[in-house]
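Presented below is the structure to which this report refers.
All ligand and atom numbering here is 1-based and tracks the order in the structure.
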Amino acid sequence: MAQILTLNAGSSSIKFALFDANTLDEPVRGQVEGLGTHPRLSARTANGEETDKNLEDGTVGDHASALKAILALIEASLSDVHIEAVGHRVVHGGLDYAAPVVIDAERLADLETLIPLAPLHQPYNLSGIRAAEAAFPDSMQVACFDTAFHRHHPWVNDTYALPPKFYDEGIRRYGFHGLSYEYVIQTLQQIAPTHAAGRVVVSHLGNGASMCAIQGGQSVGSTMGFTALDGLPMGTRCGQLDPGVVLYLMMEKGLSASEIETLLYTDSGLKGLSGLSNDMRELEAAGTPQARRAIDYFVFRIRRELGAMAAILAGLDALVFCGGIGENAWRIRECVCQNFGWLGLELDETLNRAGETIVSSRRSRVRVFIIRTNEELMIARHTAAKREAAGHSIVVA
Ligand code: ADP
């Protein structure tokens, strides 16, 4: 039996999922977390069995050794393992990659040149590729980019108002979470094709959060820009910020670039505002004034972006919630959708609280959906397509 493995390698973790290469059924999914500190491997198999293993015996310290532990777990869970292709989540595809690519040495070197554009993610994504090349030398490696879905933005949504040489050098609004948006729009095409073909806003609300304006199935705008810092406030990232604040912090307060980086990436957002946690569940449970304010700001920014996106789309046919918060936090969805009657958008409170797929009321002109995103399956689909293009027959689910 042939399989496709998907990997999402971060600084201290690797998330993985294994798919049957022909049916795209998923027998195992899991992650190694705590690389460099307290590594653990957790996984769930198709028959619902959960594993959680401490890897602190000193043998697992980097991506290569983590991948060995993952492979050992896969081999223990399945009788017949033959990983023919590995699909990788790669955060940045720069200007040139508007679609997934099969990796060879030249491509890998090219993707390394993009590290300065995403220094906190790209190096780890690429070390995941190197680890997989070493572990599966005969398998096809496919890179799937988080920026690719946004590569065809109209110029006004792609540029900043800087002299054009900066645009030409690649200082652009790339947008991220593209694999999630692509999966969501493909799912919407199956469940509500007319809406999917129209004016859609997708809110990916997880630890990282962004929104995407989609028209005719194509991304036309993202709240994220040159980096994944812009737009909505996130678990620990600040979201939209006047660049004058950065200048002030540097020039008046004497903060170094790395101090500002830490502030904006890891000490801000829900965590910074609440002084409590980056985790929405904890904030909802805490109910303190600071937690409330953090949630209020989060909701306010989503509403503001929704209005802006409806304006650039000249109306709205569908709003989709996804990501850990979008899929599970009914209160947040309720607050986001309040008082949008002027746009023809009204939630059904009962459906929303129950977390149904369609949560708008019968008389709402805008249909509101909850779609469980599945970036791993999107990567597996792309990888399967590359495998098929290379001559393997396939029946995509
Ligand atoms: P990541 O971006 O790391 O993949 P997720 O998409 O898993 O993150 O989202 C994590 C966020 O989802 C956390 O803030 C978590 O609190 C929130 N979340 C998950 N389940 C719930 C829930 N039932 N109610 C409120 N928030 C939730």
Protein heavy-atom partner closest to [atom] - residue, atom, separation in Å:
atom                    : value
atom 10 (C) of ligand 1 : Asn207 N, 3.8 Å
atom 4 (O) of ligand 1  : Lys15 NZ, 4.3 Å
atom 16 (O) of ligand 1 : Asp279 OD1, 2.5 Å
atom 27 (C) of ligand 1 : Arg281 CG, 3.7 Å
atom 17 (C) of ligand 1 : Ile325 CG1, 3.5 Å
atom 25 (C) of ligand 1 : Ala329 CB, 3.5 Å
atom 6 (O) of ligand 1  : Gly324 N, 2.8 Å
atom 21 (C) of ligand 1 : Asn328 CB, 3.4 Å

| Non-hydrogen atoms of Gly208 versus ligand 1: any pair closer than 4.0 Å? | yes

Output for pair (Asn207 CG, Asp279 CG), nearest 0.5 Å, gives 7.5 Å

So NE2 of His150 and CD of Glu182: to nearest 0.5 Å the spacing works out to 9.5 Å

Determine yes or no for a side-chain-to-main-chain donor-acceptor pair under 3.5 angstrom, with Asn125 supplying the side chain and Ala9 the backbone. yes

Practice prompt. May I ask you to decide if Thr266's main-chain N or O and Lys271's side chain share a donor-acceptor pair within less than 3.5 Å?
Written response: yes

Item to check | Over-ring placement of Arg151 relative to Tyr97, 6.0 Å and 45° cut-offs | outcome: no

Checking heavy atoms under 4.0 Å, the part of Glu284 that sits near ligand 1 is side chain

Candidate pair Ser13 and Tyr124, rule side-chain hydrogen bond (donor to acceptor under 3.5 Å, both in side chains), full reasoning
CA-CA 9 Å; Ser13 68; Tyr124 308 108; over 6 Å; no

* Stepwise, does the salt bridge (Lys or Arg N to Asp or Glu O under 4.0 Å) test hold for Glu75 with Lys68? -> CA-CA 10 Å; Glu75 282 172 344; Lys68 277 191 190 140; over 6 Å; no

Below 3.5 Å, N or O to N or O, backbone or side chain included: is there any such pair between Leu205 and ligand 1? no

Problem - Flag for Glu346-Ser361: side-chain donor and acceptor within less than 3.5 Å - result: yes

